[in-house]
**Student:** 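My questions all concern the structure below.
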Amino acid sequence: MILAETRGQLEASLEDWSAAGERIALVPTMGNLHEGHLRLVGEAQALASRVVVSIFVNPLQFGPQEDFASYPRTLQADRELLQAQGADLLFAPPVEQVYPQGQQGHTQVEVPDISAQLCGASRPGHFSGVATVVCKLLNLVRPQLALFGEKDYQQLLVIRRMVADLALPVQIIGVPTVREADGLALSSRNRYLSTEQRQQAPRLYRTLCWLAEGLKAGAGDFALLEQEACARLSQAGFQPDYVSIRRSQDLAPAGPQDHSLRLLAAAQLGQARLIDNLGLVLTAES
Ligand code: PAF
């Protein structure tokens, strides 16, 4: 596996691959890789002839009170995992390579509406930081496809919208969430949990499952269901940010006429801000 830490090193490999007509997939990450990331790499390998993984803890997407400084950075271990997985190139640039003119005053990509709600409401500027760095990585790597986990479902839709609005020549692929045996979605932030909190953490997923069961059984008062779900999380020791029933295609608030739903939740548990979501299609039989 090639390691590129500068744009020049990245470009050298890309030139060779483009000349050889290779199909390139990009898996953007912030590192501290786990099975969920490796699943993205595996999917990318099935769809492309060359897989580039980026590891970049992007300062633009962290708020001033958030965990940018303490975010786990495990480059050597990540490199070994990617090598074993058979990735072709790891792009792990320092901040100056991505933001050579600094972050202040940097052009920002704003994806309206969808960025302002749910996680965007509690993390102002977060999705603009994500869209900006993903746009930049797409321009640097120029892949035919890029893969993102569905665990960050809102992020996936923000990126899809950005790519559609800016006519970026890349296909965006969402990959289902990888879970622990007890249902907890894999996340680099799970390592912030104490042993006791780790035992409580799957309650987030179970609450979404409870919500899905209620909807399948015909419960129609969405606001009441959301409130009840938040109350369950609070009882389990979480500080819920939101539990919300949305339309899967655009994350607009769902109503009884909608059938393709996404159930989303975010909650603080100790030092960890956990997010999760579930897709649900309501059929006449459900
Ligand atoms: O999901 C992530 O790890 C990050 O938000 C991403 C897409 C790599 C952008 O920094």
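In listed order, ligands and their atoms are each counted from 1. Scope of the values below: all heavy atoms of this structure, side chains included, with no hydrogens, waters or symmetry mates.
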**Student:** Identify each donor-acceptor pair in which a side-chain atom of residues 99-109 lies under 3.5 Å from a protein atom, sequence neighbours left out, and give them as a table.
**Tutor:**
residue, atom, partner, partner atom, Å
Y99, OH, N58, OD1, 2.6
H106, NE2, K136, NZ, 2.9
Q108, OE1, S128, OG, 2.6

**Student:** Should you measure from each heavy atom of T29, which atoms of ligand 1 turn up under 4.0 Å away?
**Tutor:** 8 (C)

**Student:** With heavy atoms of V133 as the reference, note each atom of ligand 1 found under 4.0 Å away.
**Tutor:** 9 (C), 10 (O)

**Student:** Checking salt bridge (charged side-chain N to carboxylate O under 4.0 Å, His left out) against R142, which of E15, E11, E22 comes through?
**Tutor:**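 Per the salt bridge (charged side-chain N to carboxylate O under 4.0 Å, His left out) rule, the option paired with R142 is E11, out of E15, E11, E22.
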
**Student:** At less than 4.0 angstrom from any non-hydrogen atom of Q61, what atoms of ligand 1 do you find?
**Tutor:**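 It comes down to these atoms of ligand 1: 4 (C), 5 (O), 9 (C), 10 (O).
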
**Student:** Only heavy atoms of Q155, strictly under 4.0 Å: list the atoms of ligand 1 that pass.
**Tutor:**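 Numbered from 1, ligand 1 contributes 1 (O), 2 (C), 4 (C), 5 (O), 7 (C).
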
**Student:** Would you give the length of the straight line joining atom OH of Y205 to atom CG of D182, rounded to the nearest 0.5 angstrom?
**Tutor:** 10.5 Å

**Student:** For the atom pair NZ (K151) and CD1 (I275), what is the distance rounded to the nearest 0.5 Å?
**Tutor:**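 Between K151 NZ and I275 CD1, I get 4.5 Å after rounding to 0.5 Å.
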
